[in-house]
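First listed ligand is number 1; within each ligand, the first listed atom is number 1.
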Amino acid sequence: MSHTHAQPVQTIDQRTLRDAFGAFPSGVVAVAASVKGQLTGIAASSFTSVSIEPALVSFSISTTSSTWPLLREADRLGISVLADHHDAVCRQLAGPREERFGGLPFRVTENGAVLLDEAVATYDCSIHDEVVAGDHVIVLLEVHGVGAGGGEHPLVFHRSAFAKLHRDDLDPSRLDGRINGAEVDRGDDATADARPDAEDAA
Ligand SMILES: Cc1cc2nc3c(=O)[nH]c(=O)nc-3n(C[C@H](O)[C@H](O)[C@H](O)COP(=O)(O)O)c2cc1C
C-alpha cells in the first residue's frame with residue numbers, strides 16, 4: 001500500500017490535523033438541558049451512534065469547556081439533530097453562553113432535557129460514562145427516548161462550513177439487510193456492533 005502523501009504522526013502540525021479531521025463530514029447536534037433552572041448547552045459535530053442494545057450514542061466535549069461541568073449535572077440531556085435551516089441556530093449555540101437560547105424555539109421535557117423544534121431527530125439521554133481522551137472527554141449517553149422534531153433534512157458540517165445533502169446522482173437503494181455484505185435478519189435481536197447508521201443509510 002502506498003502512503004506517498006501520509007505524514008509521520010510526530011510531524012503533523014495542528015492545522016494539518018484539523019484539516020484532515022474536517023475532511024470527514026458530519027451532522028451537528030444541540031446538546032442541551034435545563035440545569036437548576038438554567039438553559040445550558042452547546043453545538044456538537046462529534047455526535048455519533050454507538051450501540052443498539054443498550055441504546056447508546058456519544059459526543060466529545062473539550063476538557064476546557066466551561067459549559068460541560070454544569071451540563072453534566074443534568075438528569076437528562078436533550079440531543080437535537082439540527083436541520084439544514086439551523087445554520088444560524090448552530091452558530092448561536094456555539095456562541096456566548098448567555099445568548100445561546102435567546103429566541104430559539106424549543107421545549108423542555110419534564111426531566112429537563114431541552115429539545116429543539118424542527119430538529120431532524122431528538123434523543124432523551126442520560127450520561128452512561130465519560131472517558132477522558134486527550135484534550136476531549138468522550139461522553140457516552142444512554143438513550144431513553146427518541147423522537148422527531150419535524151425537520152426533514154440534516155445540517156451537514158464539512159471543512160469548517162455548513163452544507164446540505166445532495167445525493168441525486170448516487171445509487172438511491174437503501175443498505176438495509178446488506179450490512180458488511182451479509183444478509184441481516186431485521187427480526188433478530190440487534191447486536192451492538194451492527195452499525196445503526198449504516199442500517200438507516202439511504
Ligand atoms: C459546528 C460546530 C460543532 C462543534 N462541535 C463541538 C464538539 O463536538 N465538541 C465540543 O467540545 N465543542 C464543539 N463545538 C464548540 C461548542 O459548540 C461551543 O462553542 C464551546 O463548547 C463553547 O465553549 P464552552 O463549552 O466553554 O461554553 C462546536 C461548534 C460548532 C460551531
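When heavy-atom distances to ligand 1 are checked against a 4.0 Å cut-off, H158 has no atom that comes that close, whether in backbone or side chain. By the criterion of a heavy-atom distance under 4.0 Å, the side chain of C90, and not its backbone, is placed next to ligand 1. When non-hydrogen atoms are compared, ligand 1 lies under 4.0 Å from the side chain of R97 (C-beta onward) but not from its backbone.
Atom 5 (N) of ligand 1 has S45 N, 2.9 Å as its closest protein atom, hydrogens excluded (heavy atom only). Taking atom 10 (C) of ligand 1 as the reference point, the nearest protein heavy-atom neighbour is S60 O, 3.7 Å. In terms of protein heavy-atom proximity, atom 8 (O) of ligand 1 is nearest to S46 OG, 2.6 Å. Atom 31 (C) of ligand 1 has its closest protein heavy atom at A94 CB, 3.6 Å. In terms of protein heavy-atom proximity, atom 11 (O) of ligand 1 is nearest to S62 N, 2.9 Å.
Within 6.0 Å of atom CD in E98, more than 12 heavy atoms from other residues, nucleotides or ligands are found, so the atom counts as buried in its surroundings.
When each atom of ligand 1 is checked for a heavy atom of T67 under 4.0 Å away, the hits are 24 (P), 25 (O), 26 (O), 27 (O). Those atoms of ligand 1 with a heavy atom of S66 less than 4.0 angstrom away are 24 (P), 25 (O), 26 (O), 27 (O). For ligand 1, the atoms sitting less than 4.0 Å from at least one non-hydrogen atom of R100 are 22 (C), 23 (O), 24 (P), 27 (O), numbered in the order shown with element in parentheses. Of all atoms in ligand 1, listed by their number and element, those nearer than 4.0 Å to a heavy atom of I42 are 17 (O), 21 (O). Under a 4.0 Å criterion applied to the non-hydrogen atoms of I61, ligand 1 contributes the atoms 11 (O). For ligand 1, the atoms closer than 4.0 angstrom to any heavy atom of S65 are 24 (P), 25 (O), 26 (O).
Of all the heavy atoms in L70 and V35, the pair that sits closest is O-CG1, 3.5 Å.
Contact annotation: the side chain of P154 approaches that of L165 to within less than 4.5 Å [non-hydrogen atoms, C-beta and beyond]. Looking at I127 and R76, their side chains never come closer than 4.5 Å, going by heavy atoms from C-beta outward.
Taking a cutoff of 4.0 Å between a charged side-chain nitrogen and a carboxylate oxygen, R91 and D87 do not qualify as a salt bridge.
Here the two rings, on Y123 and F47, have centers that are under 6.0 Å apart.
Residues passing the ring pair (Phe, Tyr, Trp, His ring centres under 6.0 Å) test with F21: none are found, sequence neighbours excluded.
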**OP:** Decide yes or no on side chain to side chain donor-acceptor pair (under 3.5 Å) for H85 and E118, but give the supporting numbers first.
**Re:** CA-CA 9 Å; H85 62 281; E118 298 179 23; 2.6 Å; yes

**OP:** Please step through side chain to side chain donor-acceptor pair (under 3.5 Å) for the pair R100 and T40, ending with a clear verdict.
**Re:** CA-CA 8 Å; R100 287 185 189 162; T40 309; over 6 Å; no

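The nearest non-hydrogen atom to atom 16 (C) of ligand 1, considering only S26, S160, A43, comes from A43.
Ligand 1 lies nowhere less than 4.0 angstrom from a heavy atom belonging to F59.
Rounded to the nearest 0.5 angstrom, F59 CZ and W68 CH2 are separated by 4.0 Å.
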